[in-house]
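Reviewing the structure listed below.
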Protein chains: 2
Amino acid sequence: MRAPRTQPPRKTRLTTERIVDAAMSLMASDGYDAVSMRSLARELETGPASLYTHVANREELDQLVLERVVAEVPLPEPDPERWQEQVKQLLRDILDAYRNHPGSARAAMGTIPTSEGGIAGAESMIALCLAGGIAPQAAAWFCDFTSLYVGAVAYEQSIWAERENTTIAGEPADHEALDKQLTSYFEDLPHDRFPLMRAFAQVMTTGDLTDRFEFAIDVMLAGLVASSGSYRRDDDAEVLAAASLDGQPGPS
Amino acid sequence: MRAPRTQPPRKTRLTTERIVDAAMSLMASDGYDAVSMRSLARELETGPASLYTHVANREELDQLVLERVVAEVPLPEPDPERWQEQVKQLLRDILDAYRNHPGSARAAMGTIPTSEGGIAGAESMIALCLAGGIAPQAAAWFCDFTSLYVGAVAYEQSIWAERENTTIAGEPADHEALDKQLTSYFEDLPHDRFPLMRAFAQVMTTGDLTDRFEFAIDVMLAGLVASSGSYRRDDDAEVLAAASLDGQPGPS
DNA sequence: CGTAGTCGACGAACAGTGTTCGTAATCGCG
DNA sequence: CGCGATTACGAACACTGTTCGTCGACTACG
């Protein structure tokens with residue numbers, strides 16, 4: 001029929017990258033739930049079965065999307081002088097990466113994070129902690145701890161954001177209205193059973209996601225430095241010492 | 001209600017409670033994904049449509065299940081002498097409640113927590129913090145922070161647990177084998193790009209969920225007490241954290 | 001230039017999901 | 001007993017992820 005010489009084929013070939021691209025843009029515009037193998041195929045002007053030549057299944061697609069997202073996180077060069085600020089910034093950057101790709105956090109919660117980028121982020125976090133004199137075991141667990149928390153925040157924000165887009169089509173459901181609604185919900189609680197909630201309704205609803213996040217990372221870091229000196233369980237103190245000295249943890 | 005006459009009707013009446021009961025037992029035995037309106041109806045020997053007379057939709061069912069779960073959490077009487085241990089215990093109890101009902105954590109992640117029991121738990125947590133002299137704003141945000149973290153831990157554990165039940169049917173996939181597999185995964189990473197990961201493979205995989213959770217709640221509480229004194233929007237928690245600990249280098 | 005073979009594309013179908021409609025059975029009450 | 005209100009439920013709708021088998025186009029070799 002046609003000579004496929006001078007021009008590329010009319011129908012652009014399907015690739016994994018194009019699929020992931022489409023998934024991310026669809027997710028960003030219509031939310032995580034709007035991304036299905038069918039809607040994705042429709043977006044790419046093909047059938048659902050075509051996707052499976054490039055993507056094993058839904059879970060792998062989520063992981064590919066995630067990989068893209070975390071790849072955007074800038075990884076710092078550890079500086080012992082300001083390692084604490086670097087840790088905070090890294091956490092902020094991870095959260096921002098999620099927020100820049102709405103819905104990606106929902107993909108993150110469903111899969112075991114064994115991605116390349118995730119490991120790199122963990123490596124970076126642990127390097128920062130070690131630069132701050134934190135014991136390896138504490139650094140490793142702290143890394144686990146923070147990534148879990150950041151993921152949870154991103155996930156909650158993701159759901160919140162999608163709720164906003166799904167209001168009764170009239171108002172975009174501005175923050176103030178929802179805030180007031182939430183405040184009055186706390187104030188209307190039975191004050192004999194929930195006296196504190198009622199009294200602190202204002203305080204409970206104060207602060208947006210950023211405020212709460214900043215508070216949390218402050219607490220986490222303060223807790224790390226406060227407890228890292230004393231946190232050692234007797235039975236693995238030797239392992240920690242060995243690991244921090246020559247880098248090779250001794251067995252037994 | 002109660003059975004009116006001498007004998008209950010042959011076919012036991014459907015109630016919201018029976019539905020939630022069935023959902024919880026099904027979830028406990030076969031995992032969260034095994035619970036669908038259809039499988040639930042099958043379990044109750046009826047059709048899917050019948051459930052909708054007692055339960056608005058899937059989301060409400062999840063919320064009802066959650067309410068049951070959190071209702072089991074024992075709420076402490078605040079004691080200023082040992083409020084910190086009480087906070088930790090409360091967090092442990094919340095996690096245990098999730099763990100006692102496998103799959104419930106997955107239901108928790110999908111809904112905005114406006115349940116009765118959730119509010120009670122928050123009330124209790126804030127009361128403990130206030131008993132410890134924490135400022136209301138910090139107490140409120142700390143409550144938010146911890147509940148998010150505990151939920152994330154429970155969720156991750158939930159997924160992990162269900163993965164275990166879905167192995168290749170041969171072995172029950174004991175922890176040791178998975179641990180070794182994970183350790184060697186870290187050790188097999190390209191050591192030029194991930195030197196720390198490779199060196200600390202042992203440390204990374206050390207500790208089960210309980211160890212990590214205990215570490216995290218230690219850090220959170222230490223961070224709360226360390227930063228609560230100075231945390232008043234000046235957000236200079238680091239200064240105080242450094243001041244409370246001698247061996248740590250001061251951050252500029 | 002022709003043919004064989006490989007591999008990507010894809011329509012159709014399977015088994016499952018949440019949810020709704022209309023109807024049938026049953027219950028409570030007068 | 002009879003009637004109105006409530007509950008039960010089969011069938012159907014519009015989805016979901018995934019697989020099978022076929023069809024077409026492109027590649028490589030003779």
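To find a chain, count down the sequence lines: A is the first, B the second, and so on, and within it residues start at 1.
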Query - Shortest side-chain distance from A:Y52, nucleotide among C:dA13, D:dT19, C:dG8 - result: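 My answer, after comparing the listed nucleotides, is D:dT19.
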Query raised in the report: Picking from C:dC27, C:dT20, C:dG8, which would you name as closest to the side chain of B:A49?
Result: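 Nearest nucleotide to the side chain: C:dT20.
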[X] has an atom [atom1]; how far is it from atom [atom2] of [N], in whole Å?
{"X": "B:N57", "N": "D:dC15", "atom1": "CG", "atom2": "C1'", "value": "16 Å"}
{"X": "A:L51", "N": "C:dC7", "atom1": "CG", "atom2": "C1'", "value": "17 Å"}
{"X": "A:L40", "N": "C:dC10", "atom1": "CG", "atom2": "C1'", "value": "15 Å"}
{"X": "B:R13", "N": "D:dC9", "atom1": "CZ", "atom2": "P", "value": "11 Å"}
{"X": "B:L44", "N": "D:dA8", "atom1": "CG", "atom2": "P", "value": "11 Å"}
{"X": "A:I19", "N": "C:dA9", "atom1": "CD1", "atom2": "C1'", "value": "11 Å"}
{"X": "B:E59", "N": "C:dT19", "atom1": "CD", "atom2": "P", "value": "9 Å"}
{"X": "A:M37", "N": "C:dC10", "atom1": "CE", "atom2": "P", "value": "15 Å"}

Requested in this report: Could you say whether A:D33 or A:A56 is positioned toward the 5' end of DNA chain D, judged by the nucleotide with the nearest heavy atom to each?
Outcome: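 Its nucleotide being nearer the 5' end, the pick is A:D33.
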Can a side chain N or O of [X] be found less than 4.0 Å away from OP1 or OP2 on [N]?
{"X": "A:T46", "N": "C:dA9", "answer": "no"}
{"X": "A:S36", "N": "D:dG17", "answer": "yes"}
{"X": "B:S50", "N": "D:dC9", "answer": "yes"}

Report task. Give a yes or no on this: more than 12 heavy atoms of other residues, nucleotides or ligands lie within 6.0 Å of atom CD of A:E17. Result ->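 No.
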Report task. Go through the steps for B:L148 and A:R212 under the test side chain to side chain contact (heavy atoms under 4.5 Å, CB included), then give the verdict. Result -> CA-CA 11 Å; B:L148 219 46; A:R212 291 158 187 269; over 6 Å; no
Query raised in the report: Can we say B:E214 and B:R92 salt-bridge, meaning some charged N sits less than 4.0 Å from an Asp/Glu carboxylate O?
Result: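 Between B:R92 and B:E214 there is a salt bridge, with a charged N closer than 4.0 Å to a carboxylate O.
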**Report entry** Carboxylate-amine/guanidinium contact B:D62 B:R106, below 4.0 Å
**Finding:**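 Salt bridge flag = no for B:R106 with B:D62.
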Query raised in the report: Does any donor-acceptor pair link the side chain of A:R38 with the base of D:dG17 at a separation under 3.5 Å?
Result: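 Such a pair exists between side chain and base.
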Report task. Run the ring-centre check on A:F142 versus B:F215 and record whether the distance is less than 6.0 Å. Result ->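 No - the distance between ring centres of A:F142 and B:F215 does not fall below the 6.0 Å cut-off.
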